[in-house]
Amino acid sequence: MYQRYAEQNSWKYSPVSCTEAEKGGFKQYVMEIRGERVYSKLKYESGVHRVQRVPQTESQGRVHTSTATVAIMPEVDEVEVVIDPKDIDLSTARSGGAGGQNVNKVETAVDLFHKPTGIRIFCTEERSQLKNKTRALQLLRAKLYDIKLREQQESVRNQRKSQVGTGARSEKIRTYNYKDSRVSDHRTKINFDLASFLSGNIDEAVQACAAMEQKELLEELAASMNMSTI
């Protein structure tokens, strides 16, 4: 879905790392997207996405519910997040799976551990150790920036009921109902066609979230101005 949305916006995307699930699909998938206004659009996708469908193994037609958490983290410059080399434990390993003799025999995989936060990043996408180290450090900077950003948003808008734009993981922001071919956004209360949505046509939902956030910011500004005049 996000790959197709990226193509519609002429963005460039590439996989960073992934973990396959036992029964097919992915348990975790990390990708990098580059282009104009990437974060300003995709930030509204942060949160818990609920999926309701009837699995092929379900003989009685019962609907099963599962969830997927989406985290959107901006890539930041080195000057914005200072990483002390002393806070990093870095080790290498051989990459498993397909990729040629070099990938399997040479220690190209990088295992990076950030001691202050406990963040661990295992990067195997690139074919050289140096490139995997660079990728891992980029992802660490993005994660640290995301933590800092969420802490700031929490302190400024501690009383906000709406989670639009904050990336809070605890709230189910959207439901994908396969039985009714419907996607429901719980923030804007708007429904969309499932097939179209999964084909990458999510811009209407993105714009609705942006308009809702803008309205809330204006209301907060008006409220603060009224309090200052009292």
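What's counted below: heavy atoms across the whole structure, side chains too, no hydrogens, waters or symmetry copies. The model shown is predicted, which means the values in this text are computed figures rather than measured ones.
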Enquirer: Name all pairs fulfilling the salt bridge (Lys or Arg N to Asp or Glu O under 4.0 Å) condition that reach into residues 128-140, sequence neighbours left out, sorted by first residue then second.
Expert: E32-R135, E126-R135
Enquirer: Can you give me the closest heavy-atom contact between C209 and D185, atom names plus distance?
Expert: SG-OD2, 4.0 Å
Enquirer: For R53, does the CZ atom have more than 12 heavy-atom neighbours from other residues, nucleotides or ligands under 6.0 Å away?
Expert: no
Enquirer: May I ask you to decide if S184's main-chain N or O and T175's side chain share a donor-acceptor pair within less than 3.5 Å?
Expert: no
Enquirer: Would a distance-only check, ignoring hydrogens and angles, find a side-chain to backbone donor-acceptor pair under 3.5 Å from R120 to D111?
Expert: no
Enquirer: May I ask whether M31 and F122 are part of the same hydrophobic cluster, defined by side-chain heavy atoms of I, L, V, M, F, W, Y residues being less than 4.5 angstrom apart, directly or through others?
Expert: no
Enquirer: Could you check if a side-chain atom of V51 sits within less than 4.5 angstrom of a side-chain atom of Y178, using non-hydrogen atoms only?
Expert: yes
Enquirer: When you check the gap from the basic side-chain N to the acidic O, do R174 and E45 get nearer than 4.0 Å?
Expert: yes
Enquirer: I'd like to check the side chain to side chain donor-acceptor pair (under 3.5 Å) partners of K41; sequence neighbours left out, ordered by chain and number.
Expert: N9
Enquirer: Tell me whether L137 is reachable from F113 by hopping between hydrophobic residues (I, L, V, M, F, W, Y) whose side-chain heavy atoms are closer than 4.5 Å.
Expert: no
Enquirer: Residues two or more places apart in sequence or in another chain: which of them pass side chain to side chain donor-acceptor pair (under 3.5 Å) with D87?
Expert: none
Enquirer: Where do I33 and A6 come nearest, in terms of heavy atoms and distance?
Expert: CG2-CB, 4.4 Å
Enquirer: Flag the pair L90 / V110 as yes when at least one side-chain heavy-atom distance between them is below 4.5 Å, and no otherwise.
Expert: yes
Enquirer: Could you tell me the separation between the CD atom of Q129 and the OG1 atom of T108, rounded to the nearest 0.5 Å?
Expert: 8.0 Å
Enquirer: Atom CD1 in I119, atom NZ in K143: separation rounded to 0.5 Å?
Expert: 6.0 Å
Enquirer: Quick test of your reading: applying ring-ring contact (aromatic ring centres under 6.0 Å, His included), list the pairs with at least one residue in residues 187-217, sequence neighbours left out, ordered by first then second residue.
Expert: F192-F197
Enquirer: Of all heavy-atom pairs between I88 and H114, which one has the smallest distance, and what is that distance?
Expert: CG1-CD2, 4.3 Å
Enquirer: Please round to the nearest 0.5 Å and tell me the distance separating atom CG of L198 and atom CE of M1.
Expert: 6.5 Å
Enquirer: Could you walk me through whether Q207 and D203 pass side-chain contact (heavy atoms from CB on, under 4.5 Å), step by step?
Expert: CA-CA 6 Å; Q207 295 301 328; D203 205 55; 3.8 Å; yes
Enquirer: Mind checking whether Y5 and F26 sit in one hydrophobic cluster, side chains of I, L, V, M, F, W, Y counted as touching below 4.5 Å?
Expert: yes
Enquirer: If every non-hydrogen atom of I72 is compared with every non-hydrogen atom of L42, which pair is closest and at what distance?
Expert: CG1-O, 3.1 Å
Enquirer: Could you state the interatomic distance from NZ (K179) to NE2 (H64), rounded to the nearest 0.5 Å?
Expert: 11.5 Å
Enquirer: Could you state whether L139 and Y145 fall into the same hydrophobic cluster, counting links through intermediate Ile, Leu, Val, Met, Phe, Trp or Tyr residues with side-chain heavy atoms under 4.5 angstrom apart?
Expert: yes
Enquirer: Has N201 got a side-chain atom pairing as donor or acceptor with S196's backbone, closer than 3.5 angstrom?
Expert: yes
Enquirer: Atom CG in D193, atom CZ in R182: separation rounded to 0.5 Å?
Expert: 11.5 Å
Enquirer: State, to 0.1 Å, how close A136 and C123 come at their nearest heavy-atom pair, and which atoms those are.
Expert: CB-CB, 4.3 Å
Enquirer: Just to verify, what does Y13 make a side chain to side chain donor-acceptor pair (under 3.5 Å) with, not counting sequence neighbours?
Expert: E7
Enquirer: Looking at NZ of K172 and OG1 of T67, how far apart are the two atoms once the value is rounded to the nearest 0.5 Å?
Expert: 6.5 Å
Enquirer: For E213 and Y44, which heavy atoms make the closest approach, and how far apart are they?
Expert: OE1-OH, 2.7 Å
Enquirer: Say whether V54 and V183 are linked into one hydrophobic cluster, either directly or through other cluster members, by side-chain heavy-atom distances under 4.5 angstrom.
Expert: no
Enquirer: Take atom CD in E219; do more than 12 heavy atoms of anything else shown fall under 6.0 Å from it?
Expert: yes
Enquirer: With sequence neighbours excluded, tell me which residues meet side chain to side chain donor-acceptor pair (under 3.5 Å) with S91.
Expert: none
Enquirer: For Q8, I'd like to know if atom CD has over 12 heavy atoms of other residues, nucleotides or ligands within 6.0 Å.
Expert: yes
